Engineer: 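Take this structure first; my questions come after.
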Number of protein chains: 2
Amino acid sequence: ARRGPVELRRIEDRTSRQVRFSKRRSGLFKKAFELGLLCDAEVALLVFSPAGRLYEYASSRYMQVKKYKSV
Amino acid sequence: ARRGPVELRRIEDRTSRQVRFSKRRSGLFKKAFELGLLCDAEVALLVFSPAGRLYEYASSRYMQVKKYKSV
DNA sequence: ACCTCTATATATAAACA
DNA sequence: TTGTTTATATATAGAGG
């Protein structure tokens with residue numbers, strides 16, 4: 001239901017930003033999982049939401065990561 | 001040009017797997033970048049290709065990661 | 001590995017619940 | 001925050017170079 005391409009800049013409205021974060025996050029994690037499965041790749045993904053919540057994925061235990069430095 | 005949905009299992013043909021890895025990898029990194037930009041999130045992404053080559057992205061230096069253990 | 005093409009699958013913005 | 005719906009944007013499989 002959008003008319004043009006997505007503008008590539010920070011979403012100002014807080015509620016819209018959080019909703020779009022949730023939706024794009026799930027899409028990103030799905031793609032990460034599929035890349036590992038389809039292509040036999042190892043993947044690690046860490047995401048902090050604007051609210052500071054951590055989401056993570058590792059395709060195997062060898063891909064577990066440690067955050068280098070706290071924000 | 002494909003007729004049905006993508007089969008969610010490892011691609012057996014080595015050449016096809018590598019080609020699809022390259023394409024999906026670039027898509028995944030693009031999505032990771034956009035999530036950070038649009039939604040003000042912090043993102044770290046590490047991918048090892050089937051050939052053992054490393055690709056990485058961090059939305060900021062605070063999201064740099066160290067691999068925990070070698071494959 | 002990486003580009004072009006293009007038909008089709010998939011993601012997703014917006015509105016709403 | 002998660003889900004539904006739907007119109008549209010975007011990703012991508014497969015073929016070819």
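A, B, ... follow the sequence lines: proteins, then strands. Residue 1 opens every chain. Values below: every heavy atom of this structure, side chains too, minus hydrogens, waters and symmetry copies. On a predicted model such as this, the values are computed, not experimentally measured, just so you know.
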Engineer: To the nearest Å, how far apart are A:Lys30 NZ and D:dT2 P?
Structural biologist: 16 Å

Engineer: Salt bridge (charged side-chain N to carboxylate O under 4.0 Å, His left out) with A:Asp40: which of B:Arg14, B:Arg9, B:Arg10, B:Arg20?
Structural biologist: B:Arg10

Engineer: On DNA chain D, compare the nucleotides closest to A:Phe21 and A:Pro5; which residue's is nearer the 5' end?
Structural biologist: A:Phe21

Engineer: Please give, in whole Å, the distance from D:dT12 C1' to B:Arg17 CZ?
Structural biologist: 18 Å

Engineer: Does A:Arg24 have a side-chain nitrogen or oxygen under 4.0 Å from the phosphate oxygens OP1 or OP2 of D:dA9?
Structural biologist: no

Engineer: Look at the side-chain N and O atoms of A:Lys23 and state whether any lies under 4.0 Å from the OP1 or OP2 oxygen of D:dT1.
Structural biologist: no

Engineer: Distance check needed: D:dA13 P versus A:Leu35 CG, whole Å only.
Structural biologist: 10 Å

Engineer: Any donor-acceptor pair under 3.5 Å linking the side chain of B:Arg17 with the backbone of B:Ile11?
Structural biologist: yes

Engineer: Using whole Å, report how far CG of A:Leu8 lies from P of D:dA9.
Structural biologist: 15 Å

Engineer: Which whole-number value in Å describes the distance from B:Asp13 CG to D:dG14 P?
Structural biologist: 10 Å

Engineer: Using the rule that Ile, Leu, Val, Met, Phe, Trp and Tyr join whenever any side-chain heavy atoms are under 4.5 Å apart, tell me whether B:Leu28 and B:Leu35 fall into a single cluster.
Structural biologist: yes

Engineer: I'd like to know if B:Leu45 and B:Met63 are part of one continuous hydrophobic network [Ile/Leu/Val/Met/Phe/Trp/Tyr, side-chain heavy atoms within less than 4.5 Å].
Structural biologist: no

Engineer: Taking atom C1' of D:dA11 as reference, at what distance in whole Å does atom CD of B:Glu34 sit?
Structural biologist: 11 Å

Engineer: Looking at D:dT10, C:dT10, D:dT2, which one has an atom nearest to any side-chain atom of A:Val6?
Structural biologist: D:dT10

Engineer: Check whether any side-chain nitrogen or oxygen of B:Arg20 sits under 4.0 Å from OP1 or OP2 of D:dG14, and answer yes or no.
Structural biologist: yes

Engineer: A:Phe29 has an atom CZ; how far is it from atom P of C:dA11, in whole Å?
Structural biologist: 15 Å

Engineer: Under 4.5 Å between side-chain heavy atoms, hopping through other hydrophobics if needed: is there a path connecting B:Val43 to A:Phe33?
Structural biologist: yes

Engineer: Which nucleotide, D:dT10, D:dT1, C:dC2, lies nearest any side-chain atom of A:Tyr55?
Structural biologist: D:dT1

Engineer: Expressed in angstrom and rounded to an integer, what is the separation of B:Glu7 atom CD from C:dA9 atom P?
Structural biologist: 14 Å

Engineer: Could you check whether B:Val19 gets within reach of a base, just the sugar-phosphate, or nothing at all, counting any heavy atom under 4.0 Å?
Structural biologist: nothing

Engineer: OP1, OP2 of C:dC2 versus side-chain N and O of B:Arg25: anything below 4.0 Å?
Structural biologist: yes

Engineer: Tell me whether the OP1 or OP2 atom of D:dT12 has a side-chain N or O from A:Lys31 closer than 4.0 Å.
Structural biologist: yes

Engineer: Using a heavy-atom cut-off of under 4.0 Å over every strand shown, decide if B:Arg53 touches base, sugar-phosphate, or nothing.
Structural biologist: nothing

